[in-house]
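This report concerns only the one structure given below.
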Amino acid sequence: MHRRDVLRFLSTTALAPLLVPLSARERWSLGRGLHQRLAEGAAGRVLSAPQLAQVRALADTILPRTDTPGALDVGAPEFVDLLLAEWYPEAERLQLLAGLEALDAKCREAQGRPFAELEPAGRLAFLATVDAAVGDPGTPGDSYQRIKHQLIFGFLTAKPIAAIVNTTPIIPGRFDGCIPLGGAR
């Protein structure tokens with residue numbers, strides 16, 4: 001299974017704790033609506049310039065451009081900023097931002113530089129140390145998981161990616177249930 005296929009399956013569960021009251025269809029509509037607002041010039045302005053650079057670096061590392069657009073190409077970091085501004089309660093937003101700062105501090109300790117300044121190989125090496133980490137709200141592991149889910153949500157609800165997802169068959173090919181398998185006749 002390819003990475004993009006897995007992401008397609010995860011799209012309706014991304015941000016599940018925050019968006020529990022919403023159905024999959026409502027989550028999809030929310031994502032499309034936020035992208036529409038971004039296209040019209042809306043901005044979240046929750047993330048500081050260094051935090052936005054960090055989220056951009058995370059987006060480019062998690063969902064880089066391949067034969068399809070990457071997270072940066074579809075504005076996933078800006079989507080995250082708007083989502084934080086409009087959907088996160090103040091307490092959760094502050095915890096997440098504190099966790100982003102802690103994640104960057106952990107990166108400086110391990111790699112000697114902020115995450116946004118690392119080369120792609122260094123970014124991957126660092127993320128391998130925190131990818132499976134789960135922690136309390138405000139910790140590096142928790143914040144990384146939340147930002148990752150938000151980026152995936154923003155990526156999958158972007159118009160160019162949604163067009164690809166909607167035209168890609170989940171099970172390619174056809175099913176022929178009654179065909180002879182050979183052997184004795």
Side-chain angles (χ1 to χ4, degrees), residues 1-20 22-47 49-88 92-93 96-97 99-100 103-104 115-116 118 120 123-124 126-128 130-134 140-170 172:
M1 183 173 272
H2 296 288
R3 173 178 57 114
R4 309 271 173 159
D5 295 331
V6 172
L7 294 174
R8 179 177 58 235
F9 293 121
L10 295 175
S11 66
T12 59
T13 60
L15 299 174
L18 180 65
L19 304 176
V20 165
L22 303 179
S23 69
R25 184 179 308 267
E26 290 168 327
R27 291 178 194 188
W28 185 261
S29 295
L30 167 67
R32 295 298 305 135
L34 287 173
H35 279 290
Q36 180 67 34
R37 295 202 51 237
L38 283 172
E40 294 168 356
R45 295 185 187 98
V46 169
L47 299 172
Q51 289 169 332
L52 187 57
Q54 180 185 12
V55 171
R56 285 177 188 263
L58 285 166
D60 195 38
T61 305
I62 296 167
L63 296 161
R65 180 183 301 145
T66 58
D67 56 335
T68 60
L72 292 179
D73 300 319
V74 299
E78 292 76 15
F79 177 92
V80 169
D81 190 33
L82 188 59
L83 186 66
L84 285 170
E86 296 186 357
W87 277 84
Y88 268 72
E92 286 187 48
R93 182 182 318 123
L96 185 64
L97 296 176
L100 275 177
L103 183 67
D104 215 33
F115 186 79
L118 294 177
R123 290 177 184 173
L124 286 173
F126 175 71
L127 289 184
V130 295
D131 192 38
V134 179
D142 176 68
S143 294
Y144 170 69
Q145 293 300 324
R146 287 175 171 222
I147 291 293
K148 181 171 68 169
H149 289 157
Q150 292 172 1
L151 288 168
I152 292 169
F153 181 53
F155 176 77
L156 290 169
T157 55
K159 194 171 188 174
I161 303 306
I164 293 168
V165 169
N166 287 335
T167 60
T168 303
I170 293 175

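Using a 4.5 Å heavy-atom cutoff, the side chains of L82 and R45 are not in contact. Taking the side chain as every heavy atom from C-beta outward, L151 and V55 approach each other to under 4.5 Å. Using a 4.5 Å heavy-atom threshold, the side chains of E78 and H35 count as separate. Between P69 and I164 the shortest side-chain heavy-atom distance falls below 4.5 Å.
No donor-acceptor distance shorter than 3.5 angstrom exists from the side chain of D60 to the backbone of A57, with no hydrogens or angles considered. Looking at R123, its side chain does come within 3.5 Å of a backbone N or O of A116 through a donor-acceptor pair. Checking side-chain atoms of Q54 against main-chain N and O of L100 turns up a donor-acceptor pair under 3.5 Å.
Expressed to the nearest 0.5 Å, how far CD of Q51 lies from CG of L96 amounts to 9.0 Å. Note that CZ of F155 is 10.5 Å distant from CG of L72, once rounded to the nearest 0.5 Å. Of the inter-residue distances, the one linking T61 atom OG1 with L118 atom CG reads 8.5 Å to the nearest 0.5 angstrom. F126 contributes atom CZ, which lies 9.0 Å from atom CG of L58 (distance to the nearest 0.5 angstrom). Rounded to the nearest 0.5 Å, atoms CD1 (I62) and CG (L127) are 6.5 Å apart. One distance of note links CD of Q150 with CH2 of W87; it measures 13.0 Å at 0.5 Å rounding.
Here the closest heavy-atom approach between residue R27 and residue L22 is recorded as NE-O, 3.2 Å. When every heavy atom of P160 is checked against every heavy atom of V74, the shortest pair comes out as CG-CG1, 4.0 Å. Considering every non-hydrogen atom in both Q145 and V130, the closest pair reads NE2-O, 4.1 Å. Closest non-hydrogen pair, A76 versus G154, comes out as CB-C, 4.5 Å. Contact record, E92 with R146: OE1-NH1, 3.6 Å, taken as the closest heavy-atom pair.
Ring planes of F153 and F79: perpendicular class, angle over 60° (limits at 30 and 60°).
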>> side chain to side chain contact (heavy atoms under 4.5 Å, CB included), that's the test. Do D131 and K148 meet it? Break it down for me.
In response: CA-CA 9 Å; D131 192 38; K148 181 171 68 169; 2.8 Å; yes
